[in-house]
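Report on the structure given below.
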Amino acid sequence: MRLILSLFLVAILSGCFPQNKTSEAIEWYKETKGSILKDSDDPTTVSLIDYYENGKLKKVSSIKNGQPIVIKYYRIEGEQSAETHFSPDSKFELRKELCADGSLTFEGIFYKAQAIGLSTWWKCGRIEKQGNRWNGERIGVWKEWDENGLAKEVDYKNDDKLDSIIMLKY
């Protein structure tokens, strides 16, 4: 699944950024996402579980060495609605939001709770928009797809901010 998603993102990105920024933005996203996911796969030392009044799961937090490594959120009906994977220092997050059927509606990386790098939105299986953010702001060229799958590009400028994206280091 991860390989398919990565290949999908690479195919989509091949035109989202000026050519000199494209490979760097893709590589940063893939490496950072991979590092966060690898670290969040480590065994946990504690799991905290919250329930709705109806007895269904509300939130499951996996903790290691006092830091969250994965938090999964659930709708009151029982389906998972979102999950966040954390770097060991909790500064980096890979956030995912899910439709009731489990398909992605959002995926993006955050640093100290601010969106940075590539963000992608889907409408339960159909891609809607994708582009880079810096401190929550849209930067560079974004692609936005209509209901028929036709893409248009919107340039939010400031793509030079990609040069100062924070690297995940240990």
Side-chain angles (χ1 to χ4, degrees), residues 1-13 16-17 25-26 28-42 44 47-54 56-64 67-147 149 151-152 154 156 162 165-166 168:
M1 181 64 178
R2 289 183 191 158
L3 177 62
I4 292 169
L5 182 58
S6 295
L7 292 173
F8 177 71
L9 289 173
V10 169
I12 289 172
L13 281 174
C16 278
F17 311 105
I26 292 170
W28 178 86
Y29 183 82
K30 284 175 25 180
E31 287 177 15
T32 304
K33 178 181 174 180
S35 292
I36 293 169
L37 288 173
K38 180 179 176 275
D39 292 329
S40 66
D41 282 343
D42 287 348
T44 61
S47 290
L48 304 175
I49 302 173
D50 293 325
Y51 294 94
Y52 287 105
E53 287 184 18
N54 67 4
K56 298 218 179 205
L57 281 177
K58 182 176 186 178
K59 180 171 88 170
V60 177
S61 303
S62 300
I63 312 292
K64 181 178 181 183
Q67 297 287 339
I69 60 171
V70 179
I71 299 177
K72 294 183 180 183
Y73 302 89
Y74 297 85
R75 292 179 184 81
I76 197 162
E77 298 83 14
E79 308 92 15
Q80 187 177 343
S81 62
E83 67 184 50
T84 302
H85 296 257
F86 297 87
S87 62
D89 62 5
S90 295
K91 291 181 182 177
F92 284 87
E93 303 171 26
L94 174 66
R95 295 184 187 176
K96 298 179 181 188
E97 296 174 11
L98 307 167
C99 287
D101 68 4
S103 62
L104 282 170
T105 61
F106 172 77
E107 182 176 273
I109 293 175
F110 289 70
Y111 176 73
K112 293 184 177 178
Q114 293 293 318
I116 62 168
L118 182 68
S119 290
T120 306
W121 285 262
W122 293 267
K123 187 165 187 163
C124 297
R126 180 181 58 78
I127 191 162
E128 285 191 308
K129 59 186 169 184
Q130 183 176 63
N132 275 297
R133 297 193 290 171
W134 176 254
N135 290 333
E137 246 182 83
R138 292 181 182 193
I139 59 172
V141 176
W142 279 57
K143 282 192 174 180
E144 298 177 5
W145 288 263
D146 65 17
E147 300 81 32
K152 71 174 182 175
V154 178
Y156 290 93
L162 288 174
I165 264 184
I166 297 101
L168 177 58

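FYI, the numbering just counts along the sequence from 1.
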Residue pair Trp122 / Leu104: nearest heavy atoms and the distance that separates them: CB-O, 3.2 Å
Side chains of Trp145 and Lys143 in contact at under 4.5 Å (non-hydrogen atoms): yes
Interatomic distance, Ile71 atom CD1 to Glu93 atom CD [nearest 0.5 angstrom]: 8.0 Å
Considering all heavy atoms, the nearest His85-Ser40 contact: ND1-OG, 2.7 Å
Polar side-chain atom of Asn132 near backbone of Gly140 as donor-acceptor pair, under 3.5 Å: no
Nearest-0.5 Å distance, CD1 of residue Ile69 to NZ of residue Lys64: 6.5 Å
Partners meeting ring-ring contact (aromatic ring centres under 6.0 Å, His included) with Phe106 (sequence neighbours left out): Trp121
Criterion side chain to side chain contact (heavy atoms under 4.5 Å, CB included) on Leu98 and Ser81, from CA distance to verdict: CA-CA 5 Å; Leu98 307 167; Ser81 62; 5.8 Å; no
Non-hydrogen atoms of Ile36 and Ser87 that approach each other most closely: CG2-N, 4.3 Å
Side-chain donor-acceptor pair present, Arg95, Thr84, cut-off under 3.5 Å: no
Atom pair NZ (Lys96) and CD (Gln80), whose distance is rounded to the nearest 0.5 Å: 9.5 Å
Side chain to side chain, Ser90 and Pro68, heavy atoms closer than 4.5 Å: yes
Interatomic distance, Lys91 atom NZ to Gln67 atom CD [nearest 0.5 angstrom]: 10.0 Å
Plane angle bin for Tyr156 and Trp142 - parallel if under 30°, tilted between 30 and 60°, otherwise perpendicular: perpendicular
Donor-acceptor contact below 3.5 Å, side chain Tyr52 vs main chain Gly78: no
Neighbour count >12 (heavy atoms, 6.0 Å) for atom NZ, Lys58: no
Pairwise side-chain contact, Tyr73 with Lys59, heavy-atom cut-off 4.5 Å (strictly under): yes
From CD (Gln114) to CD1 (Ile116), nearest 0.5 Å: 10.0 Å
Heavy-atom closest contact (Ser119 atom, Arg133 atom, distance): OG-NE, 2.9 Å
Derivation and outcome, side chain to side chain contact (heavy atoms under 4.5 Å, CB included), residues Ile109 and Phe92: CA-CA 7 Å; Ile109 293 175; Phe92 284 87; 4.3 Å; yes
Side chain to side chain contact (heavy atoms under 4.5 Å, CB included) between Leu94 and Leu37, intermediate numbers included: CA-CA 8 Å; Leu94 174 66; Leu37 288 173; 3.8 Å; yes
Side chain to side chain, Leu57 and Ile49, heavy atoms closer than 4.5 Å: yes
Beyond-backbone contact of Thr120 with Ile127, side-chain heavy atoms, under 4.5 angstrom: yes
Under 3.5 Å donor-acceptor, Ser103 side chain and Cys99 backbone: no
Ionic contact status for Lys33 with Glu107, cut-off 4.0 Å: yes
Stepwise side chain to side chain contact (heavy atoms under 4.5 Å, CB included) test for Gln130 and Leu118: CA-CA 7 Å; Gln130 183 176 63; Leu118 182 68; 3.4 Å; yes
Salt-bridge present (Glu144, Arg138; N to O < 4.0 Å): yes
Separation of Lys56 NZ from Arg75 CZ (nearest 0.5 Å): 13.0 Å
Neighbour count >12 (heavy atoms, 6.0 Å) for atom CD, Glu77: yes
4.5 Å side-chain heavy-atom contact, Tyr111 and Asn135: no
